[in-house]
Amino acid sequence: MSTDALVPGQPFPDLELPDHNGRLRALSEVAGGDPLALFFSRGWWCPKEQRFMRGLVQLQDEFEVAYARIAVVSVDAPEVQAAFRGGLGARFLFLSDSERTWLDRLGLRETTDAVHHPYRPAAFTLFPDLRIHRAYNGYWFWGRPTMEELRQDMRAITREIRSDWELI
Amino acid sequence: MSAAVSSLIWFDGRQLSRGAGSPGRRFRADPRCFAGTPVSGCFAHVCALAEGDPGLPYDDPLVQQARRDALAWWVSLLGPALVCLTTLALDPVRCGGAITVARDPFGFGSDPFARIFPGTIARTDLFCEVPSPVGPVIERYSGAAWPGGSFAPRDP
């Protein structure tokens, strides 16, 4: 698989990775029947990731009442993710690919970082069945979804999956 | 999960039990807690009163914040000792407390639900292991006891 396959309309692979507590999670379980905003992040050390995560922490106040999920994948070890998550005040899930199981299979290796071998920042908004709604390349910070774009994506997905969306 | 799994549990102030006619006050829990193989020799931190307390609305900021704290740090604090966690619904709108089940009671002194409802530690063999809530959703799904429920289409 390469990033060519990670395009709108295609199914996202049902990743199975340990969460920030070390408990194995399948992405389909994380979605749990709700829309899912999935982020691939370099790691805790990157100032761009720190800034973007602070934005997500603000947005989680809307997700918590809107039946939508957030998950972040990085190569940080679970205990590092737990500390980063705690410091941020995040209440969403982090998934650890410290063994880099999915990095190349997804075609998301950041080749310009030969020290950490992290994920290239990317974001996907997914339907509950993991079908891709939109994909974002966050290598350049401005390529990432804004919080408003994430709201709009969640709205579009929810409109499609909830049969009682329309007023009339 | 079978639709026949009951979500009801009774608490008499000291012990938890299941089945109609059990002593104490009746609550509705996350049914996933009873849908698998029970883990024996666990400790339950029951934050609830067995009688008298009318409970609080799930929408009360105190109950909302306890759920946020559960997602933010309570689950992580318990780590692999956690077996399951459920709030206790009295009816479609009121929360009567929460139960955290763990293999080890070491962290129970920090239970965020104990800020609202008095905590009692009970030995139990009633609960099975349930994946901890992924967050950040704190709302309930059609009245299910948080963190249970889902809007996913049900199997025919």
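Proteins come first, then strands; the chains are lettered A, B, ... in the order of their sequence lines, and each starts at number 1. Any value given below was found using the heavy atoms of this structure, including those in side chains, with hydrogens, waters and symmetry copies removed.
- In the displayed structure, E139(B) atom CD is contacted under 6.0 Å by more than 12 heavy atoms of other residues, nucleotides or ligands.
- Both I157(A) and F92(A) sit in one connected hydrophobic cluster of ILVMFWY residues. Membership requires side-chain heavy atoms under 4.5 Å apart, directly or through other members.
- Taken together through direct or relayed side-chain contacts under 4.5 Å among Ile, Leu, Val, Met, Phe, Trp and Tyr, L82(B) and I138(B) form part of one hydrophobic cluster.
- Across every non-hydrogen atom of P136(B) and R69(A), the tightest pair is CD-CA, 4.1 Å.
- Residue contact with chain A, scored on non-hydrogen atoms closer than 4.5 Å, involves the backbone of P133(B) exclusively.
- In this structure, the side chains of D34(A) and Y141(B) come closer than 4.5 Å at one or more pairs of heavy atoms.
- For the pair L71(B) and R85(A), the tightest heavy-atom approach, listed with the atom from each and the gap, is O-NH2, 2.7 Å.
- In terms of heavy-atom proximity, G33(A) sits nearest to A152(B) at CA-CB, 3.6 Å.
- Rounding to the nearest 0.5 Å places CZ of R23(A) at 10.5 Å from OG of S76(B).
- For the pair S150(B) and G32(A), the tightest heavy-atom approach, listed with the atom from each and the gap, is OG-O, 3.1 Å.
- In this structure, the separation between CZ on R67(B) and CZ on R91(A) is 11.5 Å, given to the nearest 0.5 Å.
- When the candidates R162(A), H20(A), Q60(A), R25(A) are compared by the number of heavy-atom contacts under 4.5 Å with chain B, R25(A) comes out ahead.
- In this structure, V80(A) is a member of the same hydrophobic cluster as L88(A), with clusters built from ILVMFWY side-chain heavy atoms closer than 4.5 Å.
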